[in-house]
Each structure stands twice: as structure tokens, then as C-alpha cells.
Amino acid sequence: MSDTLRFATWNVNSARARVDRICAWLEKSNTDVLAIQETKCKDNQFPADRFTDLGFEVAHLGANQWNGVALLSRVGIDDVQRGFPGQPEWSKTESVEPRAIGATCAGVTFWSLYVPNGRTLDDPHYAYKLEWLDELANNAQQWLESDPEAKIALTGDWNIAPLDEDVWDIEVFRDATHVSEPERRAYERFLDAGYKDVVRPFTPGPGVYTYWDYTQLRFPRREGMRIDHILTTPALADCIADAHIDRDERKGKGASDHAPVVVDIKK
DNA sequence: ATGGCGATATTTTATCGA
């Protein structure tokens, strides 16, 4: 029996288009719990059988071809929460989008999060992004205040580069989303509440990324962004033995534009 | 030390992504 739980988060950019690659990666990476984002399908289109065949239990939240989040676990999956209290609606569709799913696996509550992109600083989507993060932070703060020993991981595609070194050229991102001060302040609310980025200490930058655009040879040129993060409560942060970004998974035909981010948790 | 956008539905063009 291993005394370590391996958790990963990965924006897969379509579960259906990527299912072979996801299964292959699950098998070779020895992952116990995987949070995925951008499944891009409805619940009845999600290839759950492919994962149950590998011994995983599945919780998926989807609505249509956009967004979609899931958790896969081979160590049990309990108390599934679809969305979070107060999660804002996207005004254009007047719907709460499938961007958050949480569950407890082996004593740890994992959230698979797909934070709104924001698009541009003057787009309604940007205000939506900030409101969405603020409401999530309200919940996260309350969870920790009500149980200071709670083991909670807030994981996924945050669509925020917290530091200038988290993009390959900060000048390219002047007046762009993902690096603006309001977005960074929204992210820092989680740190102020006590949550820790448990990946960065094991993967220091500069030049360390989790996403590379498909266009303009961004990956071979090593021009990426660190926007996928794992934040945990202090009690869980104390259990992190190791972390890495599986950059190799970005290589080759049929790759997602994001790489998996992995942590090893001491039980 | 990798490879010149990709996925999906609204489908031959639009929408979204970051």
C-alpha cells in the first residue's frame, strides 16, 4: 500500500476528443484523483465508461459544448457538490455555468475549477470573472474559518498569472486579462484567507508554465503561461511531499494546450 | 530537444479559448 495520494488537475480541452490520451496518461502517471476542466460536453456525452473501466469513479458537471468540469477518483468519491453557494450567473445566458465541482476523496475535499476567462478588460465577461472569484473566495474563507484543520484543495484553470514571470513576456500582456491588478487581487484573496500555492515551491520559475497557445509555435518556443494552480488549506499544505508539471504531455499530435499539474499528498 | 490553432455546433462559418 502506498502512503501517498497522487492528485492532478488538467484542462483537457474536450473530454471526447482527448479521451484516449487522458486514459493513457492516467495509467502511466499513477494518478489517484484527477480534476479535469473544459470537458466541453453534456453529462450524457461524457465518456465515463472509459474511466470506470480503469477503476475510477466519476462525477461530471456539464451543460453544452462549453466549460464542463469533472472529478475522477479511484480512492472513493463522496459528498459531490455541483457549483458553489452564490456562484454567479453568466448574464448572456442567464445561467450558472458548469465551472465548479467538488467532492471528498480519501479525506480531502477537491474542487475542479474553471475560472471564467474574462476575454478583454472591457468585456462583461471580465466583470463576471471578478465576481465569480469573489464569491468563490467568500466560500473558501468560510470553509477554513469553520474548520481550521480542513483539508481542501482549490484546483484547476484559474486563468490568472499571479506573477509577471508567469507569462513569457509581460510586455505582450499589457492591458490584457490574466495579469491585471484586479485579477491578481482576486487571486490574493485566497492567499490572504490562508490558502497556499503548493506547486510553486517545487516548480520555481521563471519560464515554468502550464499552458501554451496552439498558435505561433508557442510551445517549442517555450512561450507559455502559468495559469493552472493548486491552492490548499494549511493542514493539507503540510502534507504535500512533491509537485510537478507534466510538460511532456503537451507534446505531440492531439495534445491539450494545458499540461497536467500534479501533487503527491502524504496520508 | 518541438513543430507552424483546435473543438464544437450554430456546420462550409461562428463562437470560444487566454
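Within every chain, numbering begins at 1; the chains are lettered A, B, ... in the order of the sequence lines, protein sequences first and strands thereafter. Computed from a predicted structure; not experimentally measured.
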Which whole number of Å gives the distance between the [atom1] atom of [N] and that of [M]?
N	M	atom1	value
B:dC5	B:dA18	C1'	13 Å
B:dA1	B:dT11	P	42 Å
B:dC16	B:dT10	C1'	12 Å

Out of [options], whichever nucleotide has its closest atom nearest the side chain of [X]:
X	options	result
A:Pro220	B:dG3, B:dA18, B:dA7	B:dG3
A:Lys92	B:dA9, B:dT15, B:dG6	B:dT15
A:Thr215	B:dC5, B:dA18, B:dG6	B:dC5
A:Tyr114	B:dA9, B:dC16, B:dG17	B:dG17
A:Tyr214	B:dG3, B:dA9, B:dC5	B:dC5

If you look at every strand shown and take non-hydrogen atoms under 4.0 Å, does [X] touch a base, only sugar-phosphate, or nothing?
X	answer
A:Lys251	sugar-phosphate
A:Asp157	sugar-phosphate
A:Tyr211	sugar-phosphate
A:Ser14	sugar-phosphate
A:Gly118	nothing
A:Lys129	nothing
A:Arg18	sugar-phosphate
A:Gln37	nothing
A:Tyr126	nothing

message: One thing to verify: whether A:Asp32 and A:Arg74 come together as a salt bridge, which I'm taking to mean a side-chain N less than 4.0 angstrom from a carboxylate O.
response: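 A salt bridge links A:Arg74 with A:Asp32.
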Pairing of A:Asp164 and A:Arg184 as salt bridge, 4.0 angstrom limit: yes
message: Among A:Asn117, A:Ile160, A:Val167, which residue satisfies the side-chain contact (heavy atoms from CB on, under 4.5 Å) criterion with A:His178?
response: A:Asn117
State whether [X] places a side-chain N or O below 4.0 Å from either non-bridging phosphate oxygen (OP1 or OP2) of [N].
X	N	value
A:Arg221	B:dG3	no
A:Gln65	B:dG6	no
A:Asn11	B:dA18	yes
A:His178	B:dG17	no

message: Suppose we call a contact any N or O donor and acceptor under 3.5 Å apart; does that hold for the side chain of A:Asn117 and the base of B:dA18?
response: yes
field: Among A:Trp212, A:Phe173, A:Phe219, A:Tyr211, the one residue meeting ring pair (Phe, Tyr, Trp, His ring centres under 6.0 Å) with A:Trp168
entry: A:Phe173
field: Between B:dG3 (C1') and A:Leu217 (CG): distance, integer Å
entry: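 Value for this atom pair: 6 Å.
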- request: Using the six-membered ring wherever Trp is involved, compare the ring planes of A:Tyr128 and A:Trp90 and label them parallel, tilted or perpendicular (cut-offs 30° and 60°).
  value: tilted
